[in-house]
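Here the structure is laid out as structure tokens; the discussion comes afterwards.
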Amino acid sequence: MNLRPVLDEIVRASVDVTAATVGWLLMVDGDELVVVAAAGGDSPGDRLGRRLPVAGAAGLVVSAGEPTSIESPPGDTSNVGAGGLDGNPAAVLAAPCGDEDIVGVLEVASPEGGSPFTIDDIEEVTLLARVAGAALEEMDEVNAVPTPEQLSRELSRLAADNPARYASIARVIDSVLGQG
Amino acid sequence: MAEVPLPAWTKEGDALDVAGVSRLEDLTPEWAWGGADGTGVRVAVIDSGIDSGHPALEGCVDDADAVSFHVTGDGEVVEVAGPHGDSFGHGTACAGIIHSLAPGARLTSVKVLGQGLQGKAGAFLAGLRWAADNRYEVINLSLGTRRRDWALAFHDACDRAYFAGSIVVTAANNVQRRSYPSLYASVTSVACNTSDDPQRFHWNPHPPTEFLARGIDVEVPWLDGQTIRSTGNSYAAPHISGMAALIRSKHPDLQPFQVKTVLWAMSANVREATAVETAGKLSRRMEAARPPALGGPAA
């Protein structure tokens, strides 16, 4: 099964649901991060395959295994390039992909002058990152799908809490099912 | 007459007096930390390193004591003594919060993040053991691991720290997933409350997260002398570390469980309730309100 459309849809959903400008999915490869999916901005496809050092918000998340949301003041250069923005983002949100081992990072960013991310944004991107993690862990194996039981539980909770959130996640599930 | 054998560890209890406290109601903020600034307390910050030259830290970091740990490709844990930088800004942020609450405390950077992705949990565990062996009064861990295969080793390390007299303050996971060592009783596990007052913290009657402190939209020092705003339980834990440093500064003989008791008594929700009711009655009332079964980590 080709998981590329699933990964693309996860990043697109992350950007849409958080009202970010751009997003990307980074996979751990040795001591570097590689862009495996991107959305938003100009020509997101051009960012695929780019290799990055373990640095900035994405580096922190892949090292510590915890989601993080950072609102940078003007002049902060620690996240230049985050989410594929050419300039310096005003806000960055990154969440770990993977369960016991962190295999990647899902990152979204807002440009200078953009809004900071909320607690709800963190929760939603974290959930999408879990789906992405399941896909990344199984990239080399043909029959990979996210853990159905975990997914079902999370979706039920989201649907009960907030139907709008369910809709955003459901897009990703549709994409997964479309690959089956 | 033959001496009667006694079970191991049997001894007469020595009479101990906690100065000025005969009842829980005697515990007040003035008693707990009034006049204290953290002087005499060493806090180990196990994280991504500390930018000791950041202006917000005002020279509170002991660079000479700094140590870092990383794991080689062969799985060997390597200890490197001496000053180092901060790889991400996270350790500097935690240090800044602790310093803002306990400006007299001396901070030591124990760097376990940012030197490769190999064997992170092993480096983290080595850092925790190092801080416990060096008997730091407070150990701040705004980190955790989700690796089950490391759970027992972290459990042992936290017990070692506890019996060595170190308060280990850990951040709960930012989402409801297990994370070690924040689930252990020997640590003081912290998540966010919604307060913007750095000294206002709460007791959470639904463990394993025992305390709640400021962690939402916190202004913290970061890389390159800058300041950012960020959110997470990572920033709640150092608020409790700072308060624990104040308590230990004023009461250096208190053991970890006693410091935790003082934190409980000084929690905003407990203190405000005890203004109209005794602490004993409050405990019974909270016990009655407790849910019948404990679930996973509290938010």
Side-chain angles (χ1 to χ4, degrees), chain A residues 28-33 53-80 88-96 98-105 116-127 129-130 133 150 153-154 157, chain B residues 46-48 70 73 86-93 111-118 120-121 123-124 141-151 171-180 182 192 194 215-220 222-235 299:
Chain A
V28 173
D29 185 16
D31 276 340
E32 288 184 316
L33 301 171
V54 177
L60 171 61
V61 167
V62 78
S63 298
E66 287 271 341
T68 195
S69 169
I70 292 169
E71 188 182 338
S72 301
D76 175 17
T77 56
S78 60
N79 289 294
V80 166
N88 193 25
V92 177
L93 165 56
D99 189 23
E100 295 208 344
D101 289 319
I102 306 304
V103 294
V105 183
F117 296 106
T118 65
I119 300 291
D120 281 350
D121 293 335
I122 296 173
E123 189 175 347
E124 292 185 76
V125 172
T126 299
L127 176 58
R130 289 181 69 178
Q150 286 182 340
R153 273 200 304 275
E154 295 283 1
R157 187 175 62 79
Chain B
I46 301 177
D47 215 289
S48 57
H70 67 273
D86 186 345
S87 294
F88 303 119
H90 193 256
T92 302
K111 182 170 181 168
V112 299
L113 289 183
Q115 297 173 104
L117 298 174
Q118 183 90 26
K120 291 172 296 180
F124 175 20
L141 281 179
S142 289
L143 298 174
T145 179
R146 294 182 37 71
R147 299 268 313 250
R148 281 182 201 272
D149 48 341
W150 289 90
N173 203 312
N174 282 329
V175 292
Q176 294 244 0
R177 301 168 82 180
R178 70 177 187 281
S179 173
Y180 309 106
S182 70
C192 295
T194 56
I216 297 173
D217 199 22
V218 187
E219 189 171 293
V220 289
W222 205 248
L223 296 175
D224 303 325
Q226 299 177 76
T227 300
I228 65 155
R229 301 192 79 85
S230 191
T231 291
N233 294 336
S234 286
Y235 310 115

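Order of the sequence lines sets the chain letters (A, B, ...), proteins ahead of strands, with each chain counted from 1. Computed over heavy atoms, backbone and side chain alike; hydrogens, waters and symmetry mates excluded. In this text the structure is predicted, and so the values were computed from the model without any measurement.
Residues B/Phe88 and A/Val54 approach most closely at CE2-O, 3.6 Å, considering heavy atoms.
B/Lys120 has its side chain within reach of A/Ile102: a pair of non-hydrogen atoms, C-beta onward, lies under 4.5 Å apart.
Using a 4.5 Å cut-off between heavy atoms, B/Ser87 does not touch chain A at all. Only the side chain of A/Val28 comes within less than 4.5 Å of a heavy atom in chain B; its backbone stays farther off. In this structure, the portion of B/Asp217 lying under 4.5 Å from any heavy atom of chain A is its side chain and not its backbone. Looking at A/Thr126, only its side chain comes within 4.5 Å of chain B, counting heavy atoms on both sides.
Looking at B/Ser230, its side chain does come within 3.5 Å of a backbone N or O of A/Ser69 through a donor-acceptor pair.
The distance from atom CZ of B/Arg146 to atom CG of A/Asp101, rounded to the nearest 0.5 Å, is 10.5 Å. Here B/Ile216 contributes atom CD1 and A/Ile119 contributes atom CD1; the two are 4.5 Å apart, rounded to the nearest 0.5 Å. In this structure, A/Asp31 CG and B/Gln115 CD are separated by 11.0 Å, a value rounded to the nearest 0.5 Å.
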